[in-house]
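Taking it in order: structure first as structure tokens, then the write-up.
Values in this document were obtained by computation on a predicted structure and should not be read as measured data. Each ligand, and each atom within it, is numbered from 1 in the order the structure gives. Only this structure's heavy atoms are used, side chains among them; waters, hydrogens and symmetry mates stay out.
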Amino acid sequence: MTRKMYIATFGCQMNEYDSGRAARLMVAEGYETTDDPARADLIFINTCGIREKAELKVYSLLGRLKPLKEKNKGLVLAVGGCVAQQEGPAILDRAPYVDLVLGTHGLDQLPPLVREIREDRGRMCRIDFDYNAVRRPDSTAGQGIPGLKAYVTIMQGCDNFCAYCVVPYVRGREVSRQPDDVLAEAEALVKAGAREIMLLGQNVNSYGRGIEPKTTFPDLVRRVAAIPGLWRLRFTTSHPKDLSPELIRTMAEEPVAAEHLHLPVQAGSNAVLKAMGRGYTREAYLEKVAALREALPGLGLTTDVIVGFPGETEEDFAQTMDLIERVRYDGMYSFKYSDRPGTRATAMPDKVDPETAGRRLNDLQTRQKVISLEENRRLVGRRVEVLVESRGIRRPDQLTGRTRTHKIVNFVGPDHLVGRLVSLDIVSAGANSLLGVLPDQNGFLRESFAVE
Ligand code: SAH
Ligand code: SF4
Ligand code: F3S
């Protein structure tokens with residue numbers, strides 16, 4: 001009987017990418033995936049510790065999985081990702097039924113370590129950083145059948161040390177993958193049917209440090225954009241301080257580069273931005289937004305905001321509210337500040353009490369929802385290009401897809417449109433999605449086919 005693995009993923013797209021990689025590594029070992037943990041011989045939990053809530057979720061899942069381990073002595077329970085990196089052996093102590101704790105640089109080691117554990121070598125914790133791992137070509141890159149949309153990690157780690165953020169500690173220093181490896185992986189994915197690629201890194205704009213011959217992020221974007229058969233190219237996350245005019249130009253010039261940018265601002269007040277160590281002022285940020293909008297009319301712009309950072313006053317928060325009025329984002333992810341072990345902000349004075357932070361978050365989200373709705377309504381009556389992804393989960397009578405600007409559009413249509421680009425007329429708008437209809441005839445523009 002083929003061994004089965006169940007993978008649970010928390011956190012960001014980079015973790016999703018890593019989980020895909022873990023799956024490919026174990027498929028090469030003869031495993032197959034299952035979505036039922038009770039039938040699994042290997043459970044891999046890929047964890048996130050960006051906020052305390054994310055970390056708590058990991059322990060609650062572990063608690064729920066414990067009975068499976070009691071029932072099935074052959075089950076190997078592995079914890080990887082950022083909480084594994086941060087907590088290390090403490091996880092083995094706290095959850096005595098966990099077999100393996102694997103750090104963020106150790107994915108390559110998953111197959112041999114699982115083998116060792118099966119041969120009864122006890123419980124293990126491997127959390128050393130191995131900076132060469134990311135420089136080596138990935139033996140599994142591009143294997144398997146990708147979805148319509150695929151991620152490609154282009155770098156690992158982060159050197160920015162924003163005062164609130166755990167990422168530099170749990171992912172290590174910033175290291176770029178070799179451009180040829182990135183390209184080969186993207187090409188393999190497109191050849192196997194992916195039509196949209198999203199390049200991933202904590203700060204993609206600083207891609208290329210230490211790469212010979214010199215390759216910048218715009219260089220990489222141009223190379224990936226030239227892959228025949230690729231329809232859309234996105235990337236995340238762009239750090240505002242490193243967003244260059246050259247990247248803006250590249251986005252404007254490359255036809256497959258989608259008109260969408262996630263540009264996390266975090267706060268609208270210069271005092272808070274400074275305390276966060278973000279490396280830009282609100283004025284510099286607003287200038288970059290203006291340059292983007294000028295070069296890319298109709299650009300979809302999204303952001304992340306933290307409220308209640310230590311020392312944030314009502315006046316500081318008012319500056320954040322003012323900034324969202326000026327920028328008018330299409331969408332926003334917003335969070336209450338959360339203390340993370342080892343970060344500078346954790347030791348800062350003047351913590352904002354949870355009620356105040358909660359009220360600010362609520363005010364921000366309420367206002368942003370109205371802005372998102374108003375921005376979406378501007379598209380009513382317009383015809384947009386949509387990449388059709390699937391049938392709606394909650395509304396199976398509808399298909400769902402995204403515009404180039406990353407807005408969700410739902411519409412009634414036949415199954416065979418999944419995987420195609422269609423043009424749709426937008427008939428109504430909510431804060432989070434649009435409703436479209438197929439124009440009278442032949443709505444689709446191009447058909448999905450594998451490039452030989
Ligand atoms: N590299 C990306 C961010 C990755 S983390 C960037 O620089 O923007 C994703 C988001 O989580 C961040 O943008 C931030 O808004 C939020 N975040 C990170 N640490 C946090 C903390 N300690 N408390 C609350 N939110 C946090
Ligand atoms: Fe964290 Fe800042 Fe790095 Fe983003 S740029 S991952 S917020 S330290
Ligand atoms: Fe979470 Fe790690 Fe990503 S902490 S947000 S999974 S880099």
**For Cys48, atoms of ligand 3 separated by under 4.0 Å from a heavy atom** = 1 (Fe), 4 (S), 5 (S), 6 (S)
**Asked** What orientation do Tyr280 and Tyr285 show, parallel under 30°, tilted 30 to 60°, or perpendicular over 60°?
**Response** tilted
**Message:** Please confirm whether Ile306 approaches ligand 1 to less than 4.0 Å, judged on its heavy atoms.
**Reply:** yes
**Prompt:** With a cut-off of 4.0 Å, which atoms of ligand 2 are near a heavy atom of Val167?
**Reply:** 6 (S)
**Request:** Please could you name the atoms of ligand 3 that Cys12 approaches to less than 4.0 Å, counting only its heavy atoms?
**Result:** 3 (Fe), 5 (S), 6 (S), 7 (S)
**Prompt:** Of the protein's non-hydrogen atoms, which lies at the shortest distance from atom 5 (S) of ligand 1, and what is that distance?
**Reply:** Ile50 CD1, 3.5 Å
**Asked** In terms of residue, atom name and distance, what is the protein heavy atom nearest to atom 7 (S) of ligand 2?
**Response** Tyr164 OH, 3.3 Å
**Request:** With atom 1 (N) of ligand 1 as the reference point, say which of Gln266, Arg340, Lys336, Gln202 has the nearest heavy atom.
**Result:** Gln202
**Asked** Atoms of ligand 3 less than 4.0 Å from Asn15 heavy atoms?
**Response** 6 (S)
**Member of Glu16, Arg21, Met14 meeting the side-chain contact (heavy atoms from CB on, under 4.5 Å) criterion with Thr153** = Met14
**Asked** At under 4.0 Å between heavy atoms, which part of Thr237 makes contact with ligand 1: side chain, backbone, both or neither?
**Response** side chain
**Message:** Closer than 3.5 angstrom, by distance alone: can the side chain of Arg328 be matched with the main-chain N or O of Glu374 as a donor-acceptor pair?
**Reply:** no
**Prompt:** Is the closest heavy-atom distance from Gly81 to ligand 3 below 4.0 Å?
**Reply:** no
**Request:** Say whether Arg171 and ligand 3 are in contact under the criterion: heavy-atom distance to a ligand atom below 4.0 Å.
**Result:** yes
**Asked** Closer than 4.0 angstrom: is that true for some heavy atom of Gln202 and an atom of ligand 3?
**Response** yes
**Request:** Apply the test side-chain contact (heavy atoms from CB on, under 4.5 Å) to residues Val204 and Ile154: give CA-CA distance (whole Å), side-chain angles for both, the deciding distance (0.1 Å), then the verdict.
**Result:** CA-CA 8 Å; Val204 291; Ile154 64 167; 3.9 Å; yes
**Request:** Identify which one of Glu385, Glu259, Glu375 satisfies the side-chain contact (heavy atoms from CB on, under 4.5 Å) criterion when paired with Thr405.
**Result:** Glu259
**Item:** For atom 7 (O) of ligand 1, the protein heavy atom that lies nearest, with its residue and separation
**Value:** Arg278 NH1, 3.2 Å
**Request:** Report yes if Arg51 has an N/O atom closer than 3.5 Å to an N/O atom of ligand 1; otherwise report no.
**Result:** yes
**Item:** Contact check, Lys241 vs ligand 1, heavy-atom distance below 4.0 Å
**Value:** no
**Request:** Show which atoms of ligand 1 fall inside a sub-4.0 Å distance from at least one heavy-atom site of Tyr337.
**Result:** 23 (N), 24 (C)
**Request:** Could you tell me whether Arg340 sits above the aromatic face of Tyr164, with NZ or CZ closer than 6.0 angstrom to the six-membered ring centre and within 45 degrees of the axis?
**Result:** no
**Item:** Main-chain N/O of Pro310 paired to Asp350 side chain as donor or acceptor, under 3.5 Å
**Value:** no
**Message:** Give the atom numbers and elements of ligand 1 that come within less than 4.0 Å of a heavy atom of Tyr164.
**Reply:** 18 (C), 19 (N), 20 (C), 21 (C), 22 (N)
**Request:** Indicate whether the side chain of Asn160 and that of Lys241 have a donor and an acceptor atom separated by less than 3.5 Å.
**Result:** yes
**Message:** If you count heavy atoms of other groups shown closer than 6.0 angstrom to NZ of Lys369, is the number above 12?
**Reply:** no
**Complete:** Taking only non-hydrogen atoms of His239 and a 4.0 Å limit, the atoms of ligand 2 in range are 5 (S)
**Prompt:** Quick one: do Asp99 and Arg118 make a salt bridge, cutoff under 4.0 Å?
**Reply:** no
**Asked** Heavy atoms only: which of Thr346, Val265, Asp304 is nearest to atom 10 (C) of ligand 1?
**Response** Asp304
**Request:** Test salt bridge (charged side-chain N to carboxylate O under 4.0 Å, His left out) on Arg223 and Glu187 and set out the steps.
**Result:** CA-CA 10 Å; Arg223 285 182 69 185; Glu187 274 168 357; over 6 Å; no
**Request:** Output yes when Arg326 and Asp322 qualify as a salt bridge under the 4.0 Å nitrogen-oxygen rule, no when they do not.
**Result:** yes
**Prompt:** Can Lys4 and Asp36 be counted as an ion pair, charged N to O under 4.0 angstrom?
**Reply:** no
**Message:** Which residue and atom name correspond to the protein heavy atom nearest atom 1 (Fe) of ligand 2, and how close is it?
**Reply:** Cys165 SG, 2.3 Å
**Prompt:** What's the verdict on salt bridge (charged side-chain N to carboxylate O under 4.0 Å, His left out) for Arg177 and Glu185, showing C-alpha distance, side-chain angles and the deciding distance?
**Reply:** CA-CA 11 Å; Arg177 281 180 76 192; Glu185 179 164 352; 2.9 Å; yes
**Prompt:** Are any of the heavy atoms in Asn203 under 4.0 Å away from ligand 1?
**Reply:** no
**Prompt:** With a 4.0 Å cut-off on heavy atoms, does Arg278 reach ligand 2?
**Reply:** yes
**Prompt:** Given that the side chain starts at C-beta and the backbone is N, CA, C, O, which of these parts of Ser338 lies under 4.0 Å from ligand 1, counting heavy atoms, or is it both or neither?
**Reply:** both
**Prompt:** With a cut-off of 4.0 Å, which atoms of ligand 3 are near a heavy atom of Cys82?
**Reply:** 2 (Fe), 4 (S), 6 (S), 7 (S)
**Lys407 side chain vs Leu434 backbone, donor-acceptor pair below 3.5 Å** = no
**Request:** Give the residue, atom name and distance (to 0.1 Å) of the protein heavy atom nearest atom 3 (Fe) of ligand 2.
**Result:** Cys158 SG, 2.3 Å
**Asked** Which ligand 2 atoms, with their elements, are less than 4.0 angstrom from a heavy-atom of Cys162?
**Response** 2 (Fe), 5 (S), 7 (S), 8 (S)
**Prompt:** Should the proximity of Arg171 to ligand 1, defined as any heavy atom under 4.0 Å, be assigned to the side chain, the backbone, both, or neither?
**Reply:** neither
**Asked** Going by the atom numbers of ligand 1, which of them fall below 4.0 Å from some non-hydrogen atom of Pro264?
**Response** 8 (O)
**Request:** Give me the ring orientation class for Tyr169 and Phe161: parallel if the planes are under 30° apart, tilted from 30 to 60°, perpendicular past 60°.
**Result:** perpendicular
**Asked** Honestly, is Arg173 close enough over Tyr131, meaning NZ or CZ under 6.0 Å from the six-membered ring centre and within 45° of the axis?
**Response** no
**Request:** Any atoms of ligand 2 less than 4.0 Å from a non-hydrogen atom of Pro168? List them with their elements.
**Result:** 8 (S)
